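Predicted model only: the values in this text are computed from it and were never measured.
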Amino acid sequence: PVATAASGNPLLSTLVSAVKQAGLVDSLNTAPELTVFAPTNDAFKKIPAADLKKVLADKKTLTSILTYHVVPEKLTPADLAGGHATLEGRELMVGGSGQDFKVDGAASVICGNVQTANANVYIIDSVLMPKS
């Protein structure tokens, strides 16, 4: 399942720690079908350290940000462009085609359609922030 698979990828160790901190491992591993936009460690490094520490300490905000990266259906590259409702409740927009996709106009997909038992994972280069 997706959270277990991510823990085996060294590029996603910050994301895995955040998912554990928010208590989302079981939810992600047991959901039947997901699409996960997974920010790399470098994506988290773009956030000022003090801000990141504050978010990691605030479970409600952290959960909101993390669930904004998850769509409750498996999206193939052919389905990716367009608006998608997230587990957080808001919609995120994906633009592009082929090998070139942008999520919310900010994050580039650097590796796409990674299959796990219950999810399609798209590795992205920026952390997505739900718009308030």
Side-chain angles (χ1 to χ4, degrees):
V2 67
T4 304
S7 66
N9 186 330
L11 294 176
L12 302 177
S13 61
T14 305
L15 175 62
V16 170
S17 295
V19 167
K20 286 178 183 168
Q21 183 94 9
L24 293 172
V25 172
D26 289 343
S27 305
L28 293 176
N29 277 344
T30 59
E33 292 201 332
L34 299 173
T35 296
V36 177
F37 294 96
T40 62
N41 295 341
D42 286 343
F44 280 97
K45 286 180 187 161
K46 291 180 182 179
I47 300 169
D51 294 348
L52 183 59
K53 189 174 181 182
K54 189 174 161 191
V55 167
L56 289 172
D58 179 349
K59 191 171 179 176
K60 185 174 181 242
T61 301
L62 181 61
T63 299
S64 172
I65 292 169
L66 293 173
T67 55
Y68 186 69
H69 288 74
V70 183
V71 174
E73 61 181 300
K74 277 189 176 181
L75 298 173
T76 67
D79 307 320
L80 209 52
H84 305 286
T86 66
L87 288 182
E88 187 266 343
R90 286 175 244 224
E91 187 173 80
L92 60 77
M93 293 299 297
V94 181
S97 63
Q99 300 293 310
D100 188 24
F101 286 100
K102 281 255 193 232
V103 185
D104 270 358
S108 294
V109 173
I110 54 176
C111 180
N113 206 26
V114 178
Q115 310 280 318
T116 73
N118 68 331
N120 290 349
V121 179
Y122 294 86
I123 298 174
I124 57 176
D125 67 356
S126 297
V127 176
L128 305 171
M129 293 294 180
K131 289 156 190 63
S132 11

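Looking at heavy atoms from C-beta onward, Met129 lies in side-chain contact with Ile47 at the 4.5 angstrom threshold. Counting heavy atoms from C-beta outward, Lys46 and Asp125 have side chains that approach closer than 4.5 Å. Residues Ile110 and Thr40 form a side-chain contact, since some pair of their non-hydrogen atoms from C-beta on lies under 4.5 Å apart. Counting heavy atoms from C-beta on, the side chains of Leu28 and Val70 come closer than 4.5 Å. Leu66 places a side-chain heavy atom less than 4.5 Å from the side chain of Leu24. Looking at heavy atoms from C-beta onward, His69 lies in side-chain contact with Val127 at the 4.5 angstrom threshold. Residues Val71 and Val36 form no side-chain contact, since every pair of their non-hydrogen atoms from C-beta on lies 4.5 Å or further apart. Taking the side chain as every heavy atom from C-beta outward, Val2 and Val121 approach each other to under 4.5 Å.
For the pair Asp104 (side chain) and Ala106 (backbone), a donor-acceptor distance under 3.5 Å is absent. Put simply, the side chain of Lys102 never gets that close to the backbone of Met93: no donor and acceptor are under 3.5 Å apart. In this structure, Arg90 contributes its side chain and Tyr68 its backbone to no donor-acceptor pair below 3.5 Å. Checked by atom type and distance alone, the side chain of Asn118 never pairs as donor or acceptor with a backbone atom of Pro32 at under 3.5 Å. Remark: the backbone N or O of Ser64 is not paired with any side-chain donor or acceptor of Glu88 at under 3.5 angstrom.
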Can you check side-chain contact (heavy atoms from CB on, under 4.5 Å) on Thr86 and Thr67, steps first, answer last?
-> CA-CA 7 Å; Thr86 66; Thr67 55; over 6 Å; no

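One finds the CG atom of Leu128 at 8.0 Å from the NZ atom of Lys131 (value rounded to the nearest 0.5 Å). A distance of 11.5 Å separates NZ of Lys60 from CD1 of Ile65, quoted to the nearest 0.5 Å. One finds the CG atom of Leu34 at 6.5 Å from the CG atom of Leu87 (value rounded to the nearest 0.5 Å). The distance from atom CG of Leu15 to atom CG of Asn41, rounded to the nearest 0.5 Å, is 8.5 Å. Distance check: Lys45 NZ to Thr14 OG1 gives 7.0 Å after rounding to the nearest 0.5 Å. For the atom pair Lys53 NZ and Asp58 CG, the distance stands at 14.5 Å (nearest 0.5 Å).
Nearest heavy atoms, Pro1 versus Ala117: N-CB, 3.8 Å. Shown here for Leu80 and Val94, the closest heavy-atom pair between the two residues is O-CB, 3.1 Å. Of all heavy-atom pairs between Ala22 and Thr63, the closest is CB-OG1, 3.6 Å.
Checking Thr4 against Asn29 by side-chain atom types alone, a donor-acceptor pair falls below 3.5 Å. The closest side-chain donor-acceptor pair between Thr35 and Asn120, if any, does not fall under 3.5 angstrom.
Note on Val25: it clusters hydrophobically with Leu56, by side-chain heavy-atom contacts below 4.5 Å among ILVMFWY residues. Leu12 and Val55 end up in the same hydrophobic cluster when Ile, Leu, Val, Met, Phe, Trp and Tyr side chains are linked at under 4.5 Å.
Within a 6.0 Å radius of NZ in Lys54, no more than 12 heavy atoms belonging to other residues, nucleotides or ligands are found.
Listed by first and then second residue, the ring-ring contact (aromatic ring centres under 6.0 Å, His included) pairs that reach into residues 25-52 are Phe37-Tyr122, sequence neighbours excluded.
Remark: Lys74 does not engage Asp79 in a salt bridge, criterion side-chain N to carboxylate O under 4.0 Å.
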